[in-house]
2 protein chains.
Amino acid sequence: MADIPLVLEPIGWVESSLVDPDAAPLQGDEGAPDAWLVFDHGVSAGMRELRAGTDVLVFTWLDRARRDVLRVHPRGDVGRPETGVFSTRSPDRPNPIGLHRVEILAIDGVRVQVRNLEALDRTPVLDVKPVLGPTGER
Amino acid sequence: MADIPLVLEPIGWVESSLVDPDAAPLQGDEGAPDAWLVFDHGVSAGMRELRAGTDVLVFTWLDRARRDVLRVHPRGDVGRPETGVFSTRSPDRPNPIGLHRVEILAIDGVRVQVRNLEALDRTPVLDVKPVLGPTGER
């Protein structure tokens with residue numbers, strides 16, 4: 001069935017002060033810095049309704065992760081038993097897609113500043129989606 | 001920068017009674033059926049701690065979506081103004097990654113039954129992640 005390769009095209013990149021994987025927080029609400037999403041000009045029509053003050057889901061490609069790992073110690077704590085990656089948020093997993101819920105702080109052309117993003121500098125951005133509200137407001 | 005192609009490897013497939021895109025609900029909580037995620041045997045070590053009764057995030061590749069679309073009428077309603085895809089949940093977008101929060105109903109070997117999944121039959125599954133609890137419980 002997987003006869004056609006599923007190839008991702010980054011829509012942009014993370015610009016962040018986080019450059020050292022070992023120093024990065026594990027989740028955005030654990031001390032991650034504000035950062036910028038820099039969109040490719042070719043997709044700018046898709047971002048025109050993004051607004052400061054709203055929360056969005058950002059999807060990234062965790063390009064420094066290992067894809068051959070299926071079991072990990074959660075949060076890198078060897079005191080915790082090895083667990084299947086699909087029950088953890090480990091970046092190491094077959095398809096290292098990062099999911100980040102962040103607040104948009106500012107928008108400047110194709111640059112979008114977001115609060116508390118734990119992704120490293122130069123991480124490819126794959127998608128941005130709105131947070132779903134109640135069914136009546138979609 | 002995007003010098004290395006970002007290629008996804010499906011970890012499994014959706015098995016669902018939904019085969020017609022035009023008949024599929026737009027979101028899982030809008031009348032989607034229960035469905036099965038059928039994992040590849042090669043990744044079964046990663047799913048060992050999945051448990052019935054818990055909620056998980058399922059990532060899919062919406063392989064019947066259009067990738068050249070940047071603006072859509074939300075929910076296909078031409079009465080609503082065209083909106084950038086990054087402010088909608090449209091499947092049509094540069095990287096058609098589907099995100100579905102579902103409850104696990106049952107597990108049978110490499111098959112995981114989930115409630116209310118709006119993905120079509122044979123949709124590739126990319127990842128499964130736990131829903132994050134409060135910081136103290138991670």
Side-chain angles (χ1 to χ4, degrees), chain A residues 1-2 4-11 13 26-27 29-30 39-40 42-51 54 56-59 61 63 67 69-72 74-75 81-90 93-97 99 101 112 122 124-130 132 135 138, chain B residues 1-2 4-11 13 26-27 29-30 39-40 42-51 54 56-59 61 63 67 69-72 74-75 81-90 93-97 99 101 112 122 124-130 132 135 138:
Chain A
M1 301 234 306
I4 302 169
L6 309 185
V7 180
L8 297 162
E9 298 286 347
I11 60 167
W13 309 89
L26 295 178
Q27 294 297 332
D29 57 2
E30 298 175 14
F39 285 72
D40 192 287
V43 301
S44 62
M47 57 173 290
R48 210 175 292 158
E49 286 77 14
L50 296 180
R51 293 287 178 267
T54 59
V56 292
L57 302 176
V58 176
F59 294 69
W61 183 255
D63 55 339
R67 302 186 65 177
V69 170
L70 290 170
R71 300 189 65 76
V72 296
R75 299 176 61 82
E82 274 202 334
T83 305
V85 291
F86 304 132
S87 297
T88 82
R89 288 291 188 113
S90 167
R93 54 205 310 122
N95 292 302
I97 298 170
L99 176 66
R101 180 174 173 154
V112 175
R122 315 307 277 169
V125 177
L126 303 177
D127 200 9
V128 174
K129 293 187 201 290
L132 280 184
T135 49
R138 292 177 185 168
Chain B
M1 300 231 304
I4 301 169
L6 310 184
V7 180
L8 297 162
E9 297 286 347
I11 61 168
W13 309 89
L26 296 177
Q27 296 296 333
D29 58 3
E30 299 175 12
F39 284 73
D40 192 288
V43 301
S44 63
M47 57 174 288
R48 210 175 295 158
E49 285 78 12
L50 296 179
R51 293 287 178 267
T54 59
V56 291
L57 302 176
V58 176
F59 295 67
W61 184 254
D63 57 338
R67 301 185 66 176
V69 171
L70 291 170
R71 299 189 66 74
V72 295
R75 301 177 60 82
E82 275 203 332
T83 305
V85 290
F86 305 133
S87 297
T88 82
R89 289 290 188 110
S90 167
R93 54 205 311 119
N95 293 301
I97 299 170
L99 175 66
R101 178 173 175 155
V112 175
R122 315 308 276 168
V125 177
L126 304 177
D127 200 8
V128 173
K129 294 186 198 292
L132 280 182
T135 50
R138 292 178 184 168

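Every chain is numbered from 1, with letters handed out A, B, ... down the list of sequences.
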Inset, instruction - Sort A/Leu26 into side chain, backbone, both or neither according to what part of it lies under 4.5 angstrom from a heavy atom of chain B. - result: neither

Inset, instruction - Would you mind checking which part of A/Arg67 comes under 4.5 Å of any heavy atom in chain B, side chain (CB onward), backbone (N, CA, C, O), both or neither? - result: side chain

Nearest heavy atoms of [X] and [Y], plus distance in Å:
{"X": "A/Glu9", "Y": "B/Asn95", "result": "O-ND2, 2.6 Å"}
{"X": "A/Val7", "Y": "B/Trp61", "result": "O-CH2, 4.2 Å"}
{"X": "B/Leu70", "Y": "A/Gly42", "result": "CD1-O, 3.4 Å"}
{"X": "A/Arg93", "Y": "B/Val128", "result": "NH2-O, 2.8 Å"}

Legend entry - Residue B/Ser90 versus chain A: region with a heavy atom under 4.5 Å: neither

Inset, instruction - Against chain B, work out which of A/Asp63, A/Leu99, A/Val72, A/Val69 has the most heavy-atom pairs shorter than 4.5 Å and name it. - result: A/Leu99

Legend entry - Top contributor to chain B contacts, counting heavy-atom pairs under 4.5 Å, from A/Asp127, A/Thr54, A/Val85: A/Asp127

Legend entry - Sub-4.5 Å side-chain heavy-atom contact between A/Ser87 and B/Leu50: yes

Inset, instruction - Mind running side chain to side chain contact (heavy atoms under 4.5 Å, CB included) on A/Arg71 and B/Glu49 for me, showing each step along the way? - result: CA-CA 10 Å; A/Arg71 300 189 65 76; B/Glu49 285 78 12; 2.6 Å; yes

Inset, instruction - Evaluate the side chain to side chain contact (heavy atoms under 4.5 Å, CB included) criterion for residues A/Ile97 and B/Leu8: first the C-alpha distance (whole Å), next the side-chain angles of each, then the deciding distance (0.1 Å), finally the verdict. - result: CA-CA 10 Å; A/Ile97 298 170; B/Leu8 297 162; 4.2 Å; yes

Inset, instruction - Specify whether B/Phe86 and A/Phe39 have parallel, tilted or perpendicular ring planes, treating 30° as the upper limit for parallel and 60° as the lower limit for perpendicular. - result: tilted

Inset, instruction - Find the one option among B/Arg48, B/Glu82, B/Arg89 whose heavy-atom pairs under 4.5 Å with chain A are most numerous. - result: B/Arg89

